[in-house]
**Student:** 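Just dropping this structure here.
Counting convention: from 1, in listed order, for ligands and their atoms alike.
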Amino acid sequence: MRNKITKAIFPVAGLGTRFLPATKSVPKEIMTLVDRPLIQYAIDEARAAGITEFIFVTSRGKSALEDYFDHNPQLESELQKKGKDDLLETLKSTNMDSGQIAYIRQHKALGLGHAVWCARRLIGDEPFAVILPDDVIAAEKPCLQQMVEAFEETPGNMVAAMEVPMDKAKNYGVLKVAKDHGSLVRVGGMVEKPKDNPPSNLAVIGRYLLTPQILENLSSKETGAGGEIQLTDAIAKEITEGRDVFGYRFQGQRFDCGSKAGFLQATVAFGLARDELRDELAQYLHEVVNIDKAAQ
Ligand code: G1P
C-alpha cells in the first residue's frame, strides 16, 4: 500500500433540507460564503494537501455541481475581451482538468459510510481522504494539509478532532481517548452521535485520512446510529481489530455550515477576512451591536 494520499472523496449527495427552500433547486454545496461556493473551499483545501483526484459522491438534482467545475469558454472569452484579468484568473482557478474529477451516484440515502463505500472502485488499494464540505475550516495551514503531514510521520487512520461542549457531543462522532499526545490522540473507541454518556467531548470533524481496509469494513453494510451505515462505525472496527486510529486536533476555526447559524457566522468571518469588505462590514456589525444594546 502506498502512503501518499492523492485521492479525496467528497460526499455531496445530501438533500440539504435544513436550507429549504434554497436547496429545492440549488445544491447546498453551491451555496456561497461571500462569493465562493462551499465546495470551492473544500477543493482548495484538498489541493493544498496534495490531492490530485477528486471523487464526488452525488445524487439526483446535483448537476449544478458538475457544471460548476466545467470550463466556461464563453464566459472566459468575454472576460478576456473586456480585459477583466482578475476575474478571469478567479474563474480559471475553479477549472478542473479532464480526468481529475469523477462523479459517482449514491442511489439511496443510506448514510455517510455508504456514500464513501460507493467510491470504492475509484479508490482501490490506497489510503484516501474524505472531506465533508459542510465543515468549513479557516486556518493558516489548511486542515487537511496539517493532517497529511501528521500522517506522513504516523501512518494510520486519522480523523480531525475538536473539543465541543459536553452537551453538544450527541451531534457528532465522539472519540474515546486511549492516549493523549497533544495534537495527536490515540483513539480507543468511537461512538456516532451518543444519546447519553459520550466517552469524551472530543468530536470528529469532517476530515478523514483512511486506509483502504475501511472500505472493506463498510461492505458489511451494518447500520448504526439513525439506522444509517456510519463511517464512524467502520473506523471504530479498525480499533477493535487492533489497527491504529488517531484523532488530530487541528489548528484553525471550524464553522458548521450545515446549520444556518454556523453558515451566517462563517459568512461574517470570511467577509471580515477580505480586505475589500472588512471596513464596511465591521462598521455595519458595530452599528448592529450598538442598536441591539440600545434596545435592551
Ligand atoms: C458527520 C459524521 C460525524 C461527524 C460530523 C462532523 O455527521 O457522521 O461523525 O462528527 O459529520 O461534522 P453529520 O453532521 O453529517 O450528521
**Student:** Within a distance under 4.0 Å of any heavy atom of Arg254, pick out the atoms of ligand 1 and give their elements.
**Tutor:** 12 (O)
**Student:** Parallel, tilted or perpendicular, judged at 30° and 60°: which one describes the rings of Phe56 and Phe69?
**Tutor:**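 Because their plane-to-plane angle lies in the 30° to 60° range, the rings of Phe56 and Phe69 count as tilted.
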**Student:** Any nitrogen or oxygen of Leu132 lying under 3.5 Å from a nitrogen or oxygen in ligand 1? Just yes or no.
**Tutor:**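 Min N/O separation from ligand 1 is not below 3.5 Å for Leu132.
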**Student:** For atom 6 (C) of ligand 1, state which one of Thr232, Asn171, Asp135 supplies the nearest heavy atom.
**Tutor:**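 Considering heavy atoms of Thr232, Asn171, Asp135, the nearest to atom 6 (C) of ligand 1 sits in Asp135.
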**Student:** Which ligand 1 atoms, with their elements, are less than 4.0 angstrom from a heavy-atom of Gly173?
**Tutor:**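 Here the atoms of ligand 1 in question are 3 (C), 4 (C), 9 (O), 10 (O).
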**Student:** Cut-off 3.5 Å, side chains only: do Tyr68 and Gln40 have a donor facing an acceptor?
**Tutor:** yes
**Student:** With sequence neighbours left out, what residues match Glu78 under side-chain contact (heavy atoms from CB on, under 4.5 Å)?
**Tutor:** Lys81, Lys82
**Student:** Measure centre to centre between the rings of Phe151 and Tyr248, then say whether the value is under 6.0 Å.
**Tutor:** no
**Student:** Would you confirm whether Gln213, through its side chain, and Glu238, through its main-chain N or O, come within 3.5 Å as a donor-acceptor pair?
**Tutor:**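 No; zero donor-acceptor contacts below 3.5 Å.
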**Student:** Suppose we measure from atom 10 (O) of ligand 1 to each protein heavy atom; which comes out shortest, and what is that distance?
**Tutor:** Val204 O, 2.6 Å
**Student:** Can you tell me which residue and heavy atom of the protein come closest to atom 9 (O) of ligand 1, and the distance to 0.1 Å?
**Tutor:**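 Residue, atom and distance for the closest contact: Glu192 OE1, 2.7 Å.
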**Student:** Closest by any non-hydrogen atom to atom 16 (O) of ligand 1: pick that one out of Met190, Glu228, Lys193.
**Tutor:**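 Nearest option to atom 16 (O) of ligand 1, by heavy atoms: Lys193.
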**Student:** May I ask you to check if ligand 1 and Ile205 share an N or O to N or O distance below 3.5 Å?
**Tutor:** no
**Student:** Let me check something: any side-chain donor-acceptor pairs from residues 157-167 under 3.5 Å, sequence neighbours excluded? List them with distances.
**Tutor:**
residue : atom : partner : partner atom : Å
Asn157  : OD1  : Thr211  : N            : 2.9
Asn157  : OD1  : Thr211  : OG1          : 3.0
Asn157  : ND2  : Thr211  : OG1          : 3.4
Asn157  : ND2  : Asp244  : O            : 3.3
Glu163  : OE1  : Arg249  : NE           : 3.2
Glu163  : OE2  : Arg249  : NE           : 3.3
Glu163  : OE2  : Arg249  : NH2          : 3.1

